[in-house]
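Residue numbers start from 1 in every chain, and the chains themselves are labelled A, B, ... in the order their sequence lines are given, proteins ahead of strands.
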Protein chains: 2
Amino acid sequence: MRIEDEIHQKNFKDDHRRLLANLLFTNNWLNQQLMPFFKDLGLTLQQHNVLAILRGQQPDPVCFGDIQNRMVDRNSNVTRLIDKLIEKGYVTRDICQTNRRMIEVRLTEPGLRKLQQVDENFPKLFAKLHNLTQEEAILVSNLLDKLRG
Amino acid sequence: MRIEDEIHQKNFKDDHRRLLANLLFTNNWLNQQLMPFFKDLGLTLQQHNVLAILRGQQPDPVCFGDIQNRMVDRNSNVTRLIDKLIEKGYVTRDICQTNRRMIEVRLTEPGLRKLQQVDENFPKLFAKLHNLTQEEAILVSNLLDKLRG
DNA sequence: GTACATTATTTGTATATACAAGTATATGGG
DNA sequence: CCCATATACTTGTATATACAAATAATGTAC
């Protein structure tokens, strides 16, 4: 469905404004797909992002700063995100002995299993996101890179 | 900058996952550009969206449901958004006399002037968003429409 | 015209976010 | 070694969001 029809706007002043509205609208649409998916699995999108980052560095621990820099959403408060994940038993935190300002975060066995459970359900989610061909997905991704400069 | 470098991820499992990460990351980047712009003008992105919708329907009033349906961000709580805009003196609300469940929202003179002030500042904002050519902007927009199905 | 469903908006509440200020540790110059 | 500055994380707070339940007016079947 065209963005004009989605938000009932006859036309846009120019194509860049149309793109801006479309990006914001599409992000909202995306979140409507993603949030219930992760909620059913007992995670938020950001919590899953942190777990995936930790798995990517296994068996090394990852400190808060590195987590922040690798997150898709840069505005997450890592301290409070990790608090939630500790509550759920998916990660551990320890003060780094070589630099006591830093916190070492590690994935636990249950955290790893939760990630695997998410993986098993991914096909269900991605079925909704395959309206573009592989070539189109590559094209959009490259143009988004270009948009950000 | 490529999304791989932005979030320090060597590679993605497939191009659709790369696109997903890129869309979410780009939206965050966009918000980092938009939020301070609107904040300087004393508005939020959603408040501005509502004002623009009201201007589009002038001189007719718009009810909450229609505002909701035309908003880029569908999850906004229109009641509380309008409360804020009334506080600022940019809109009025009246009970619709033909259907007393509905609320008629109208732009005020100060609301219109605020919109004009935003318009005057738009070129400053859009300068950051012109890394794509017009053709590329059209292309991405059309592919986003296709992505949503 | 009364009961029941539907529509339109409001409110409550738990959680999340943005942003600024605070604390603790480390580093480097004199 | 001492002090200023930088780094890494934490906390406070005001505002925003998601989501469910509540209210209130209207429409509809009988």
Side-chain angles (χ1 to χ4, degrees), chain A residues 24-25 27-40 42-50 53 61-88 91-106, chain B residues 24-25 27-40 42-50 53 61-88 91-106:
Chain A
L24 295 171
F25 183 85
N27 188 71
N28 271 275
W29 174 84
L30 250 189
N31 277 326
Q32 297 308 311
Q33 315 294 315
L34 297 176
M35 278 180 8
F37 173 81
F38 283 108
K39 192 170 191 178
D40 285 351
L43 290 174
T44 65
L45 185 50
Q46 280 79 2
Q47 286 168 10
H48 175 261
N49 192 192
V50 171
I53 289 165
V62 186
C63 74
F64 280 31
D66 288 343
I67 291 173
Q68 189 99 256
N69 286 328
R70 285 159 202 248
M71 283 193 73
V72 172
D73 180 352
R74 288 296 161 72
N75 282 87
S76 298
N77 184 322
V78 178
T79 303
R80 294 195 263 239
L81 259 177
I82 299 293
D83 285 348
K84 289 285 175 192
L85 289 171
I86 290 172
E87 267 177 43
K88 294 178 183 177
V91 307
T92 58
R93 54 176 286 166
D94 301 284
I95 294 172
C96 171
Q97 288 313 314
T98 62
N99 185 340
R100 295 170 39 72
R101 288 172 301 185
M102 293 205 271
I103 304 289
E104 295 180 338
V105 184
R106 283 183 181 82
Chain B
L24 295 171
F25 183 85
N27 188 71
N28 271 275
W29 173 85
L30 250 188
N31 277 326
Q32 298 307 311
Q33 316 292 316
L34 298 175
M35 277 179 11
F37 173 82
F38 284 108
K39 192 170 192 178
D40 285 349
L43 291 174
T44 66
L45 184 50
Q46 280 78 2
Q47 286 168 10
H48 174 261
N49 192 193
V50 171
I53 289 165
V62 187
C63 74
F64 280 31
D66 288 343
I67 292 174
Q68 189 98 257
N69 287 328
R70 286 159 203 251
M71 284 193 73
V72 172
D73 181 352
R74 289 294 161 75
N75 281 87
S76 299
N77 183 322
V78 178
T79 303
R80 293 195 263 240
L81 259 178
I82 299 293
D83 285 348
K84 290 285 174 191
L85 289 171
I86 290 172
E87 267 178 43
K88 293 178 183 177
V91 306
T92 58
R93 55 176 287 166
D94 301 285
I95 294 171
C96 172
Q97 288 313 312
T98 62
N99 185 340
R100 294 168 40 69
R101 286 171 301 186
M102 294 205 271
I103 304 289
E104 295 182 337
V105 184
R106 282 182 181 79

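If A/Gln97 and A/Lys84 are placed on DNA chain C by their nearest nucleotide, the residue sitting closer to the 5' end is A/Lys84. Where B/Asn75 and B/Thr98 meet DNA chain D, the nucleotide closest to each residue was compared, and B/Asn75 sits on the side nearer the 5' end.
Separation of atoms CG (A/Asn77) and NZ (A/Lys84) is listed at 11.5 Å; rounding is to 0.5 Å.
Distance CE (A/Met35) to C1' (D/dC19): 9 Å, rounded to an integer number of Å. In this structure, CD of B/Gln32 is placed 11 Å from C1' of C/dT17, rounded to the nearest angstrom. Atom CG in A/Asp73 sits roughly 12 Å away from atom P in C/dC19 (whole-Å rounding). Across the protein-nucleic acid pair, A/Gln68 atom CD and D/dT7 atom P stand 15 Å apart, rounded to whole Å. Spacing between atom NZ of B/Lys39 and atom C1' of D/dT15 amounts to 10 Å, rounded to whole angstrom units. Rounded to whole Å, atom C1' of C/dA24 lies 10 Å from atom CD1 of A/Ile95. Between the C1' atom of D/dA8 and the CD1 atom of A/Ile67 lies a distance of 12 Å, rounded to the nearest Å. Rounded to whole angstrom, the span from the CZ atom of B/Phe38 across to the P atom of D/dT15 amounts to 20 Å.
In this structure, the side chains of A/Met71 and A/Asn49 come closer than 4.5 Å at one or more pairs of heavy atoms. B/Val72 places a side-chain heavy atom less than 4.5 Å from the side chain of A/Phe25. Between B/Ile82 and B/Ile67, some side-chain heavy-atom pair lies under the 4.5 Å cut-off.
For A/Asp73, the side chain to side chain donor-acceptor pair (under 3.5 Å) partners at least two apart in sequence or on another chain are A/Gln46.
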Without placing hydrogens or testing angles, list every side-chain donor-acceptor pair under 3.5 Å for residues 93-100 of chain A, not counting sequence neighbours.
residue, atom, partner, partner atom, Å
A/Gln97, NE2, A/Ile95, O, 3.2
A/Asn99, OD1, A/Arg101, N, 3.2
A/Asn99, OD1, A/Arg101, NE, 3.2

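Contact annotation: A/Gln46 side-chain N/O to C/dT17 OP1/OP2 distance is under 4.0 Å.
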Exercise for the section: For B/Leu24 and A/Leu45, run side chain to side chain contact (heavy atoms under 4.5 Å, CB included): C-alpha distance rounded to whole Å, both residues' side-chain angles, the deciding distance at 0.1 Å, then the answer. Expected result: CA-CA 11 Å; B/Leu24 295 171; A/Leu45 185 50; 4.1 Å; yes
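Within 4.0 Å (heavy atoms only), B/Thr44 reaches sugar-phosphate atoms of the nucleic acid but no base atom.
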Problem - Nucleic acid footprint by protein, nucleotides 3-11 of chain C - heavy-atom cut-off 4.0 Å, B for base, S for sugar-phosphate alone - result: ----BSSBB
